[in-house]
Amino acid sequence: MADLKPLSSLFNQALFRVPDYQRGYAWTQEQLEDLWSDLVNLSQGGQHYTGVLTLKEITADKVKETDNEHWLITGGHKLYHIIDGQQRLTSCMILIQIIIEQVRLHARKNNPKATDSEIAFADQYLKVYVDRYLYADRAGSFMRTYKFGYHTDNPSDRYYRHAILKEEHGGDVEQTFYTLNLHNAQTYFTDQVRSLLTEGLSAVERLFKKLTVGFLFNEYVIPAGFDEYVAFETMNNRGKRLSTLELLKNRLIYLSTLYKGEEADASEKEALRTAINDAWKGVYHELGRNRQHPLNDDEFLRAHWILYFMYSRRKGDDHIDFLLKEFFTSKRIHEKVPVEVELESFEELKEDAVDDDENGADDTEVESRMEAQLTPKELKDYAGNLRETSHGWYLSWFPHAHEEVDREMADWVDRLNRLPMFYARPMVTTLLLRNDIPKAERITCLKAIERCFFLLFRLSGTKANFGSSEFYNLSRDVHHKRAGTKAILEQVEKQLSWAMDGGKFRHELFTKEIENRYSIKSSAGFYKWSGLQYFLYEYEEHLRGRREERKLDWNDLVRRQDKKKLSIEHVLPQTPTEPYWDSRVKHLDPVDLNRLTHCLGNLLPLSRSINSSYQNDGFTDKVDPKLNAKGEKVRTGYREGCYSEIEVSTFTDWDVAAIQERGLRMLKFMEQRWEISLGGPDDKIKLLHLTSFQTANGTVPVQS
């Protein structure tokens, strides 16, 4: 039944656990700020409807004597699984802990030895609130039972107990995206309570009363016999919808309970549930192990669906419909299918037996029995494969994060991430996992994919999904070990054939692509070429050679949110107002000046912050350090920059000839790096859009 209750009533002789099929703590700063705002704006003595708290009571007979909660349950406490509302309740429990912790520290400034039984707070002693909301210590025992927590063997549970509730001897706590959210909530509320304490202890007491008495939850305990898994699947948490991956975990656990005894006995169903939980624990660990860059749940699930089941390009959520509406459904367990079982045949021996089977009929007997369409083994295998694939998925994003990936292989995966990966990530994920394939063969495939994608999607202007269906299907075959590297290389060559003519790259496609860049509104030529950043970084790495020091980081080119970071500079500026440029470009008409400014040879990656006021300087001023009136260096010059900048600094002058020379150098590198030909000298001059500067005497600016 439903009932409005404050936390002070909810936690009267009650224990709450986030069950194993739930996700971890998902609230971010936006939701935390909303909760805090609701709290501080609530009038003293007022009430605030906080939301629904849907619970499922776990009866005493379901709690083992060895469980940590058993002693309290036998003493009158009730144990509840939180079906809906865990995000709100978790946030409130963190805030209660922070308030108690800060009040304790505040009191001990004057009395360092003060105990919770001696610290007065909000008309009670602190220990009263610790006992009610946080934990209970069993008399005469070391056992401590927490009033709120997660299912055991869960990283979030360990983090909540050790990092937030300060349980001793916690050891290393596994970090995930969800533990990061717990940490952020702890940090946010700590800062807010500390600030409030500056107004006096009474301000915190008023806040605590509003939280524990004024915040009302609509408690709903689902009736006995009503399935908690079904209830959970149909509910959402405030502001954070359940992801498909989270729903799928609950679905699989639910399905594991539906098998009859002859299909899976109690111990087998428990083992299946454990396997599913372990798999999802591993998946969440992989997706959240880079705390600053957690990986998207549904994007991974869709990739795994492609690798494990199928690929469809009808609509973006086909994988959701397939997984939750077609394949993993209760119908495929309740509806049985006949399975023929061959029985051992026999022949009764008797006197003067006569063989009546003149036609030689088979004596084998066959019996039909009924089985679920979706077997327990299929559930377990799927969950295990999902877990294994999540590790490869993580490595595909962060290949250098672990030594298990060979450095050369990791370098090529990094290149694909920068290119970017397009639709190759499922294939790359599988290649990283297929340790049965020699490393050299896998590297060859990665090189071929990188070359194919660069030529197709960066030089030829091909649509980004060209050939995706066939590539996805092959990825699935490789994942299931039905195909190997030979098939991958054949598929790459097949897709690349669109941009080839007799085995040679159709360089006119690249010329047309750049021509289009000059024709659109910005008319920015190579500067707006989609492959520019990737190419400039590869050229920088080429100039670095075998030197250990890397002077240009990829993030220098893509960190555009930092406005002080000019990722790509025009050596000849777009507005050449300094006297240095007068004799070199002032005579050019606007069209020619635009072509020259946005020419490939005039574009330079920068490896450090630079004041935008300097970008219009003359070339010689850019080459050498910039000094202020006191002779102090305020900006380094090209000579001290990355290897591309150093290359530009070797030119004595920066005019049309210099821009052409560097542009041709860069095109030569492109030919060598991707094993193509861009045609003869005239073809390359046309590609660089420098044809209008050509004269019989060579490349010189046309005089006005």
Side-chain angles (χ1 to χ4, degrees), residues 244-245 248 283 286-287 295-320 322-323 327 381-399 405 409-410 412-457 462-498:
T244 306
L245 182 62
L248 183 60
V283 169
E286 297 292 348
L287 297 181
L295 303 177
N296 182 269
D297 285 12
D298 283 334
E299 188 175 279
F300 162 68
L301 188 61
R302 181 177 183 273
H304 183 261
W305 168 69
I306 291 170
L307 290 173
Y308 199 81
F309 288 113
M310 60 183 295
Y311 169 68
S312 166
R313 62 191 310 171
R314 292 194 303 271
K315 56 181 181 178
D317 58 356
D318 283 351
H319 66 294
I320 300 175
F322 177 84
L323 293 171
F327 197 81
D381 288 347
Y382 173 79
N385 192 273
L386 189 77
R387 164 67 182 90
E388 179 185 9
T389 305
S390 70
H391 181 57
W393 184 258
Y394 170 76
L395 293 177
S396 79
W397 286 94
F398 309 106
V405 181
M409 186 181 298
W412 283 101
V413 175
D414 257 352
R415 286 187 176 94
L416 284 168
N417 275 317
R418 294 192 293 264
L419 188 54
M421 196 82 71
F422 294 100
Y423 49 75
R425 195 170 300 281
M427 178 70 83
V428 172
T429 296
T430 291
L431 285 173
L432 288 168
L433 294 173
R434 287 288 304 271
N435 291 320
D436 57 309
I437 299 177
K439 178 188 69 177
E441 291 185 25
R442 288 184 284 164
I443 291 175
T444 298
C445 289
L446 293 171
K447 288 181 178 180
I449 294 170
E450 187 270 351
R451 177 175 181 265
C452 175
F453 283 9
F454 182 76
L455 297 186
L456 284 178
F457 306 129
T462 311
K463 291 184 178 180
N465 64 349
F466 175 78
S468 60
S469 297
E470 291 178 282
F471 206 81
Y472 281 142
N473 290 333
L474 178 59
S475 299
R476 184 172 60 257
D477 287 341
V478 177
H479 184 75
H480 289 293
K481 299 185 178 181
R482 296 192 295 259
T485 54
K486 180 180 178 182
I488 296 174
L489 295 176
E490 289 175 351
Q491 179 61 36
V492 167
E493 286 302 312
K494 179 181 178 182
Q495 291 186 206
L496 193 54
S497 64
W498 182 88

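Numbers for residues simply follow the sequence, beginning at 1.
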Is the ring centre of Phe309 less than 6.0 Å from the ring centre of Tyr382?
-> yes
Let me check something: any side-chain donor-acceptor pairs from residues 482-489 under 3.5 Å, sequence neighbours excluded? List them with distances.
from	atom 1	to	atom 2	distance (Å)
Arg482	NE	Asp477	OD1	3.2
Arg482	NH2	Asp477	OD1	3.0
Thr485	OG1	Glu441	OE1	2.8

May I ask you to decide if Ala303's main-chain N or O and Arg425's side chain share a donor-acceptor pair within less than 3.5 Å?
-> no
Set of residues satisfying side chain to side chain contact (heavy atoms under 4.5 Å, CB included) with respect to Asn435, sequence neighbours excluded | Arg442
Between Gly467 and Gln495 the two heavy atoms that sit nearest each other are O-OE1, 3.2 Å
Are Val413 and Val405 close enough that some pair of their side-chain heavy atoms sits under 4.5 Å apart?
-> no
Of all residues at least two apart in sequence or in a different chain, which pass the side chain to side chain contact (heavy atoms under 4.5 Å, CB included) check with Asn385?
-> His304, Tyr308, Glu388, Thr389, His479
Taking ring pair (Phe, Tyr, Trp, His ring centres under 6.0 Å) as the test, write out the residues that go with Tyr394, two or more places apart.
-> Phe398, His402
Non-neighbouring partners of Phe454 that pass ring pair (Phe, Tyr, Trp, His ring centres under 6.0 Å), sequence neighbours left out | Tyr534, Trp674
Parallel, tilted or perpendicular: rings of Tyr423 and Phe453 (30°, 60°) = perpendicular
Which heavy atom in Asn473 sits nearest to a heavy atom in Arg476, and how many Å separate them?
-> OD1-NH2, 3.1 Å
Look up atom CG in Leu456 and atom CZ in Phe422, then write down how far apart they are to the nearest 0.5 Å.
-> 9.5 Å
Given side chains that start at C-beta, do those of Phe471 and Ser469 come closer than 4.5 Å, heavy atoms only?
-> no
If you round to the nearest 0.5 Å, how far is CG of Leu433 from CH2 of Trp393?
-> 12.0 Å
With side chains defined as the heavy atoms from C-beta onward, is the minimum distance between Lys447 and Arg415 less than 4.5 Å?
-> no
Look up atom CG in Leu432 and atom CE in Met427, then write down how far apart they are to the nearest 0.5 Å.
-> 12.0 Å
Calculate, to the nearest 0.5 Å, the distance between atoms NZ and OG belonging to Lys463 and Ser468 respectively.
-> 12.0 Å
4.5 Å side-chain heavy-atom contact, Thr244 and Asp297 = no
Check whether any side-chain heavy atom of Leu386 sits under 4.5 Å from a side-chain heavy atom of Phe300, and report yes or no.
-> yes
Atom pair CG/CG of Asn296 and Leu301 - distance to nearest 0.5 Å = 10.0 Å
With sequence neighbours left out, what residues match Ile306 under side chain to side chain contact (heavy atoms under 4.5 Å, CB included)?
-> Arg302, Tyr311, Tyr472
4.5 Å side-chain heavy-atom contact, Arg451 and Leu496 | yes
Would you say Val428 and Pro399 make side-chain contact, with heavy atoms under 4.5 Å?
-> no
Rounded to the nearest 0.5 Å, how far apart are CD1 of Ile443 and CD1 of Ile437?
-> 12.5 Å
